[in-house]
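Values below: all heavy atoms of this structure, side chains included; hydrogens, waters and symmetry mates excluded.
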Amino acid sequence: MRVLLVAVILLVGACKKEAPTPPHPAPPPPKAVAGEVELAVTDKGFEPTRIPAKAGVPLILAITRKTDATCAKEILFQGQEAKTDLPLNQTVKVTYTPKVSGEVKFGCAMGMMIGGVLAVTD
């Protein structure tokens with residue numbers, strides 16, 4: 001009888017469902033910044049890929065190209081013809097002032113690699 005009771009307790013315990021573990025909350029989106037943001041060019045492309053910005057406020061991107069394995073040897077912002085060279089293992093500071101809110105894509109000057117987006121708010 002004791003063995004049967006222990007077996008029933010073990011069986012009931014095994015059937016209990018664990019409360020589901022809540023998923024980790026997504027990190028809050030970065031706040032729009034004025035100032036300087038570090039940007040790296042790696043084998044994965046431009047990192048980070050999304051950068052917050054404010055319309056009318058200059059943003060300085062301190063860009064370091066850490067690889068020679070991509071076409072991202074220059075950076076170009078959507079809507080501009082001027083490109084900036086990115087020498088290997090040297091930090092280049094690029095100042096960009098977004099004019100309106102929305103998204104401004106940036107990437108390699110050849111247009112083959114969209115590197116990321118400036119998420120511009122008012």
Side-chain angles (χ1 to χ4, degrees):
M1 182 74 160
R2 184 178 273 179
V3 172
L4 181 59
L5 182 59
V6 170
V8 169
I9 290 172
L10 290 174
L11 183 60
V12 169
C15 291
K16 284 185 180 177
K17 289 188 175 180
E18 295 282 328
T21 305
H24 294 291
K31 293 183 180 177
V33 295
E36 190 169 301
V37 175
E38 289 187 20
L39 187 63
V41 180
T42 69
D43 292 340
K44 297 176 185 176
F46 289 85
E47 295 184 85
T49 58
R50 188 168 188 82
I51 300 171
K54 283 192 126 349
V57 178
L59 177 66
I60 300 168
L61 300 175
I63 308 166
T64 306
R65 182 167 63 96
K66 299 179 178 184
T67 183
D68 208 20
T70 71
C71 63
K73 294 173 176 56
E74 301 164 318
I75 188 169
L76 179 68
F77 292 91
Q78 178 183 3
Q80 290 191 327
E81 291 184 27
K83 57 188 176 184
T84 302
D85 290 331
L86 301 174
L88 186 62
N89 296 319
Q90 294 180 31
T91 300
V92 175
K93 293 188 179 186
V94 177
T95 302
Y96 182 80
T97 305
K99 294 181 172 67
V100 296
S101 62
E103 292 188 342
V104 177
K105 294 178 183 175
F106 62 87
C108 79
M110 293 170 44
M112 297 181 68
M113 184 172 132
I114 299 302
V117 172
L118 296 179
V120 183
T121 59
D122 289 325

_Can you tell me if Glu38 has over 12 outside heavy atoms packed within less than 6.0 Å of its CD?_
no
Should [X] and [Y] count as side-chain neighbours, where that means a heavy-atom distance under 4.5 Å?
{"X": "Leu39", "Y": "Pro48", "answer": "yes"}
{"X": "Leu61", "Y": "Phe106", "answer": "no"}
{"X": "Pro87", "Y": "Val92", "answer": "yes"}
{"X": "Tyr96", "Y": "Thr84", "answer": "no"}
{"X": "Glu103", "Y": "Arg50", "answer": "yes"}

*Can you check whether Thr70's main-chain N or O pairs, donor with acceptor, with Lys73's side chain at less than 3.5 Å?*
yes
*Kindly say whether Asp122 contributes a backbone atom to a donor-acceptor pair with the side chain of Lys54 at under 3.5 angstrom?*
yes
Interatomic spacing from [atom1] in [X] to [atom2] in [Y] - rounded to 0.5 Å:
{"X": "Thr91", "Y": "Lys66", "atom1": "OG1", "atom2": "NZ", "value": "8.0 Å"}
{"X": "Leu76", "Y": "Glu81", "atom1": "CG", "atom2": "CD", "value": "9.0 Å"}
{"X": "Thr95", "Y": "Ile60", "atom1": "OG1", "atom2": "CD1", "value": "4.5 Å"}

*Apply the test side chain to side chain contact (heavy atoms under 4.5 Å, CB included) to residues Val41 and Ile63: give CA-CA distance (whole Å), side-chain angles for both, the deciding distance (0.1 Å), then the verdict.*
CA-CA 7 Å; Val41 180; Ile63 308 166; 4.0 Å; yes
_Shortest non-hydrogen separation from Thr49 to Phe46 and the atoms involved_ = CG2-O, 3.3 Å
*May I ask you to check whether Thr42 and Thr67 show a side-chain donor-acceptor distance below 3.5 Å?*
no
